[in-house]
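Protein chains get the first letters and strands the later ones, always in sequence-line order, with residue 1 at the start of each. Bear in mind that the values here come from a model prediction, so they are computed numbers and not experimental data.
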Number of protein chains: 2
Amino acid sequence: MEHTSTDCKELFLSMQDFGDLWSGKWKIQIILYLSINKHKPVFFTQMRNDIIGISAKMLSKELKTMEMNQLITRIVHATNPVTVEYRITAHGETFAPVAQTMILWSVGHRRLILNSFPS
Amino acid sequence: MEHTSTDCKELFLSMQDFGDLWSGKWKIQIILYLSINKHKPVFFTQMRNDIIGISAKMLSKELKTMEMNQLITRIVHATNPVTVEYRITAHGETFAPVAQTMILWSVGHRRLILNSFPS
DNA sequence: CCGCATCCGCCATGATACTG
DNA sequence: CAGTATCATGGCGGATGCGG
């Protein structure tokens, strides 16, 4: 690739990546949770309790892929028993406005659809 | 709760809705395709050919739910054999900037990740 | 041409129990 | 506390063929 502009293929691949990364039920909630709580340490069990409905398996799996994508950082504390803290990275925070855009659109969409089918 | 502002529950439900609506592999591609081609009539088979990899079943199913969500319009032409034209709605077009935000973020993310694992 | 029906494999998610 | 192992399941999505 000798040019820096965004070609069609890169757009397409990025779109694919976006779906692969954010398609599940939980990652957006997790990143927003960590974004909101970025000024205090967040530990595994606390997250599991605060994010209603998520299982330990899912939370663990999502956190792992989010760490691989450099959205969050994992910090092991040598307490007894061990505790693990999670923090949002600077890169992870760049997603917050994207999530906000998505959610804002969805709020409007939800209202429109609910109005169309008055219950 | 007596206020009309967006409360936490509505935010949460909207986020859920967003995932339910856009989680599949195809809908974002479809809406962008219809947005790009909004000035010329788009028919079923042409879409299926242009959106690489999609099957007729998937395209049909996605178009149906997108129509229910008032993102697109279905127009049956009484030709022989029948042809069906699809158009993006005004509401559907409001999603284009959201998609653009998502894609822009993803392009940056993709470059960052690719740089971290130089092949 | 459009789209539905059927069958089927695979994957995401969930429930529960268990380990260091 | 912070996960992992195991099993179950529901839905996504592909392949194929039928009907209008």
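- Non-hydrogen atoms lying under 4.0 Å from DNA chain C are contributed by A:Gly24, A:Lys25, A:Trp26, all within residues 23-31 of chain A.
- Rounded to whole angstrom, the span from the CE atom of B:Met58 across to the C1' atom of C:dC10 amounts to 13 Å.
- Contact footprint of chain B on DNA chain D: nucleotides with an atom under 4.0 Å from a non-hydrogen protein atom, first to last in 5' to 3' order, D:dG13 to D:dA15.
- The environment of CD in B:Glu93 is crowded: more than 12 heavy-atom neighbours from other residues, nucleotides or ligands sit within 6.0 Å.
- Distance, A:Asp20 CG to C:dA12 P: 10 Å, rounded to whole Å.
- The backbone N or O of B:Thr79 sits nowhere less than 3.5 Å from a side-chain atom of B:Thr83 that would complete a donor-acceptor pair.
- Nucleic acid contact for A:Ser55: none, since no nucleic acid atom lies under 4.0 Å from a heavy atom of the residue.
- Note: A:His91 and B:Trp105 have parallel aromatic rings, judged against thresholds of 30 and 60 degrees for the angle between ring planes.
- Follow the hydrophobic side-chain contacts under 4.5 Å out from A:Val42 and you reach A:Ile54 in the same cluster.
- Between B:His77 and B:Phe43, a ring centre-to-centre spacing shorter than 6.0 Å is recorded.
- The separation between A:Ile54 atom CD1 and C:dA15 atom P is 12 Å, rounded to whole Å.
- Within the 3.5 Å criterion, the main-chain N or O of B:Leu112 finds a donor-acceptor partner in the side chain of B:Ser116.
- Residues B:Phe44 and B:Lys57 both approach DNA chain C. Their nearest nucleotides, taken by heavy-atom distance, put B:Phe44 toward the 5′ side.
- B:Leu63 places its CG atom 14 Å from the C1' atom of C:dC4, with the value rounded to the nearest Å.
- One distance of note links OG of A:Ser106 with CG of B:Asp17; it measures 5.5 Å at 0.5 Å rounding.
- The main-chain N or O of B:Leu21 is found under 3.5 Å from a side-chain atom of B:Lys27 such that the two form a donor-acceptor pair.
- B:Thr89 places a side-chain N or O within 3.5 Å of a backbone atom of B:Gln70 that can act as its donor or acceptor partner.
- Spacing between atom CH2 of A:Trp22 and atom C1' of C:dA12 amounts to 18 Å, rounded to whole angstrom units.
- A:Arg74 comes within 4.0 angstrom of sugar-phosphate atoms only, judged by non-hydrogen atoms across all strands, and of no base.
- Heavy-atom distances to DNA chain C give each of A:Gly53 and A:Ala56 a nearest nucleotide, and the one nearer the 5′ end belongs to A:Gly53.
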